[in-house]
Amino acid sequence: MSNETSTSANKTSTTAYDPTQIEARWYRYWEDGGFFRADASSGKPTHVIAMPPPNVTGRLHMGHGLQDTVQDAYTRLRRMQGYEALWIPGLDHAGIATQNVVERTLKKTEGKTRHDLGREAFVERVYDWKEEYGEIILQQKRRLGVSADWSRQRFTMDEGFSRAVQHVFVKLHEQGLIYKGDYLVNWDPGSGTVISNEEVDNVERDGHLWWIQYPFVEGEGHITIATTRPETMLGDTAVAVNPDDDRYRTLIGKKVLLPLAGREIPIIADAYVKADFGAGALKVTPAHDENDFALGQRHGLDSVTVIDFDAKINENGGHYAGMDRFAARKTIVADLEKAGLLEKVEPYRHTVPISSRSKQVIEPLLSPQWYVRMQPLADRALGVVRDGTITFHPDRWKNEYFRWLEDIRDWPISRQLWWGHRIPVWYYTDDRGEIDEHRPFVVSVDQPEPGMVQDEDVLDTWFSSWLWPFATLGWPHETDDLKTFYPGTVLVSGYDILFFWIARMIMAGLHFTDEVPYTDVFITGMIKDKQGRWMSKSLGNGIDPLDMIEQYGADAVRFTLSVLCAQGQDIKLDPAKFEGGRNFANKIWNAFRVFGRFMVTDVAGRPVSDHVRTRSFDELDLVERWMLTRLQEGIRDITASMDRYRISEAANRIYDLFWRDYCDWYLELIKPTNGADGELRTMDPDKLALAVEIYEQLTKLLHPFMPFITEDLWWRLRPREEDEACIAAGWPEADGALEDADAATAFSLIQDLVTAVRSVRAQYNVPPSKGIAVTVNVDADRADLVAVLDVNRATFASLAGVDTLSFGTSLAKPKASAAVVVDRHEVFVPLAGMIDLDQERARLTKEIEQKQGFLRGVERKLANENFVSRAPEAVVEKERQKAADARAEIAKLEANRDDLG
RNA sequence: GGGCUCUUAGCUCAGUUGGUUAGAGCGCUACGUUGACAUCGUAGAGGUCACUGGUUCGAAUCCAGUAGAGCCCACCA
């Protein structure tokens with residue numbers, strides 16, 4: 001079944017880098033080789049990151065891609081720097097999210113609800129789900145190159161972790177920080193559980209304001225109230241007015257007849273009521289509104305619950321009982337209208353609480369729940385950020401953190417779910433097996449006495465997540481891991497879970513371990529689509545990182561994300577941006593080939609002998625000393641940027657160092673060219689050795705960002721022992737002995753001169769193949785440069801495509817030549833037959849005008865008394881130098897223009 | 001109602017102790033394939049750094065205000 005189609009359509013250059021060939025292989029090598037595993041007994045300084053555990057139901061998305069790229073870059077960097085670098089991975093059981101998914105699947109595939117199965121069987125199903133799908137996302141992370149210590153992988157519901165969670169509950173209870181209370185909670189009818197304030201989104205919606213008349217019990221007339229939720233009127237227990245409202249002052253204490261319900265309720269006065277809003281009179285429903293609940297408490301009102309946990313009107317709602325809350329609203333409004341009690345309806349835009357889980361409207365309901373008193377925990381957490389023990393990057397996020405903690409509320413931690421940690425509270429039962437309300441409950445991890453039953457509810461997912469940095473290390477046991485790796489170093493996360501998780505981890509760390517869980521918090525921006533919208537399933541605008549890895553390679557994806565990850569700003573991601581990363585990987589690959597093809601290798605492509613330079617630094621060519629100098633600067637800059645958590649700065653720096661310096665200049669100069677006969681020349685072994693030496697350093701600098709390609713090339717550079725991997729190599733350190741400021745200056749001058757010559761060539765369309773003669777008239781004050789240039793004439797000539805080169809300080813301008821002034825030096829390019837005198841004159845004139853404009857600006861500054869007297873001497877001197885240079889250059893340009901006749 | 005962020009080249013964005021002739025990538029223009037890379041090279045065009053005022057010898061950078069965009073908090077029915 002041979003087919004020979006599409007050979008040309010698939011034509012790809014054999015020289016292009018192909019990541020698919022190598023990524024899986026190197027990952028296996030690292031993982032099997034134990035390179036990710038941290039050793040608690042090494043005695044090295046530690047660097048620890050606790051990976052935000054993804055949900056067991058999760059699939060890798062770009063947010064993970066970004067955050068894992070950052071975490072992996074730091075883990076690899078510190079590992080190379082000699083730290084015992086531990087990155088702990090794991091999974092979060094994600095209570096509501098997971099239960100919802102499994103319930104939906106159950107419904108779809110078997111048409112059953114969880115109640116059909118029963119608790120035990122249902123939880124069994126969720127475990128099955130977890131076993132089957134939980135690992136997927138961690139496998140996906142491996143594709144990205146995540147170098148986490150999989151041997152230490154944890155799950156928030158594994159046995160040890162569960163014990164830790166329950167231990168914490170018991171401890172907090174002992175400390176009086178956990179209580180059970182009957183309060184108004186955020187009931188999510190969609191998920192059938194309570195949720196915390198943080199899980200509620202306040203969304204602006206178009207609604208109505210209904211004006212309803214409540215008739216007086218005695219005498220004629222009525223009072224009008226305005227409400228957005230008429231269905232709750234069935235539970236009204238008062239009407240409230242402002243005590244200073246003249247319209248209603250005389251009505252306070254009177255009774256009204258609650259329409260439809262037929263109950264008598266009082267008119268009360270409370271300053272909370274705003275006289276200028278709505279009708280100025282407020283219906284009070286303590287059982288279904290937070291403000292009304294507070295009002296009820298102040299005035300000793302009854303609470304009448306009329307909406308049940310299924311979001312339907314209950315038996316207190318008379319003949320509305322059984323109706324869904326929104327259906328009831330319609331019916332009630334219609335009934336009021338029929339009764340002539342509906343005064344008017346206004347369109348009204350207001351905020352409605354929506355469950356971030358199920359997207360359904362939250363129903364505030366009275367319900368007994370467990371709470372954590374947060375104030376004592378919050379105070380310490382505020383302190384450690386205020387005093388700088390913990391630093392946020394970028395800094396501004398600490399303000400959000402403060403704001404939340406300064407106004408902390410108690411945390412409702414019980415959830416009416418089946419998937420999660422059972423609350424470790426036990427109840428005595430009576431003869432019929434029912435909970436005996438008369439006997440006190442017992443808080444205990446294990447069943448205190450036979451026959452006692454455990455609380456039905458489970459704990460909020462975050463009640464386990466907040467222990468992540470230390471419970472993953474074995475806490476509450478004093479394990480070696482805990483002693484060695486706690487506290488951790490840095491936490492990397494998006495700002496979306498600053499309150500849910502980051503702040504709570506800090507509180508938990510301080511409270512339970514007396515330590516901050518980490519000293520740095522790296523907050524990434526969120527990934528948006530090209531147009532700045534959130535990526536979502538419904539919009540279908542998500543970009544799958546795995547698709548991108550397939551298409552461009554993991555290194556390309558990582559590098560691109562690193563570059564984009566600037567200062568916590570949100571990232572508008574266009575998938576085309578990964579091309580930049582792919583192109584860079586390709587450049588890295590091909591740069592190696594420049595010198596790599598001169599190495600003798602075995603079948604695996606590994607060199608059979610080492611290449612070690614024999615020349616001393618002083619014996620190196622100018623470009624080589626320049627390149628080494630640039631390399632040392634690069635090492636310092638990149639390391640410093642990473643230390644300051646400026647990962648995009650570091651990524652950009654290595655990109656420039658590699659592409660602009662190493663490839664564009666250094667490699668261009670040292671690469672052998674073909675001989676006249678077309679035969680490829682050999683490469684000078686010592687030049688090759690230095691090329692390898694520098695490339696090896698660059699490989700290491702690139703490794704935290706692009707681990708796969710660097711590991712692969714690493715083995716092509718030198719013969720190595722099996723465990724001498726790039727991932728385990730030492731991070732480069734800048735070496736002052738490999739720096740030469742004079743060489744850097746001299747080469748930089750050559751770069752400028754070469755660019756000037758190329759520019760002339762381009763302007764006059766001189767083909768590269770055509771050799772030219774160039775005369776450089778060095779500025780008289782810098783005569784020393786003549787010798788420098790002379791020594792490096794071959795360098796110059798090769799870069800600029802020059803046949804004949806003349807250097808001097810008083811050389812005459814050749815006939816019919818173009819002139820360029822660079823740093824006060826003149827570059828003459830004879831262009832007999834090609835030069836257009838008018839064009840050249842115009843070009844020079846434009847150049848002169850530009851320079852004159854610049855000079856005027858500088859002179860204006862220098863003419864300013866205040867500038868000269870107040871600015872630092874060095875700044876003034878710099879300006880004087882600029883002016884002098886500009887004047888000299890203008891003079892030379894003018895002379896050259898005049899010379900054209 | 002409070003708070004935060006953003007506004008810099010056609011597009012996406014860098015630019016922290018205030019002193020540059022304001023940068024990058026993509027896109028655009030011209031030229032270029034005799035063995036590293038066309039996923040490339042060389043040379044270029046392109047910006048009153050949103051606006052107004054202030055501080056300063058000097059502002060894209062600091063301060064105040066204005067306008068637009070976005071986000072987070074918040075109990076006005």
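Below, chain A is the first sequence line, B the second, and so on; all start at residue 1.
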### Base paired to B:C31 (Watson-Crick or G-U; both N/O distances under 3.5 angstrom)
B:G41
### Message
Taking 4.0 Å as the cut-off, does a side-chain nitrogen or oxygen of A:K882 come that near to OP1 or OP2 on B:U21?
### Response
yes
### Message
Can you see if the side chain of A:R660 gets near the phosphate of B:G25 - specifically, an N or O under 4.0 Å from OP1 or OP2?
### Response
yes
### Task
Spell out yes or no: do the side chain of A:E668 and the base of B:A36 have one donor N/O and one acceptor N/O closer than 3.5 Å?
yes
### Query
Which one is paired to B:G19, where only Watson-Crick or G-U wobble pairs with both distances under 3.5 angstrom count?
B:C57
### Query
What is the base-pairing partner of B:G1, counting Watson-Crick and G-U wobble geometry with both distances under 3.5 Å?
B:C73
### Message
Side chain of A:R758, heavy atoms from C-beta onward: which of B:A36, B:A43, B:U21 has the nearest atom to it?
### Response
B:A43
### Task
Using atom types as modelled and distance alone, determine if a side-chain donor or acceptor of A:D555 lies under 3.5 Å from a backbone N or O of A:F708.
yes
### Query
Considering only the P atoms, how many Å lie between B:A36 and B:G25, rounded to the nearest integer?
23 Å
### Task
From the options B:U42, B:G25, B:U12, select the nucleotide whose nearest atom is closest to the side chain of A:K577.
B:U12
### Task
Answer yes or no: does a side-chain N or O of A:K587 lie under 4.0 Å from OP1 or OP2 of B:U39?
no
### Query
If the C1' atom of B:G54 is compared with that of B:G10, how far apart are they to the nearest Å?
34 Å
### Query
Within the pair A:W659 and B:G41, is there a side-chain N or O less than 4.0 Å away from OP1 or OP2?
yes
### Message
Counting only heavy atoms from other residues, nucleotides and ligands, does the tally under 6.0 Å from CD of A:E290 exceed 12?
### Response
no
### Rounded interatomic separation in angstrom, taking CZ from A:R653 and P from B:G25
15 Å
### Task
Measure the distance from CD1 on A:I571 to C1' on B:C26 and round it to the nearest whole Å.
17 Å
### Query
Using purine N1 to pyrimidine N3 plus N6-O4 or O6-N4 for Watson-Crick, or N1-O2 and O6-N3 for G-U wobble, both under 3.5 Å, which nucleotide pairs with B:C6?
B:G68
### Task
Using modelled atom types only, decide if a donor and an acceptor are shared between the side chain of A:N541 and the backbone of A:S536 within a distance under 3.5 Å.
yes
### Query
Nucleotide by nucleotide, 5' to 3', does protein get under 4.0 Å of the base (B), only the sugar-phosphate (S), or neither (-) in nucleotides 72-77 of chain B, counting heavy atoms?
SSSBBB
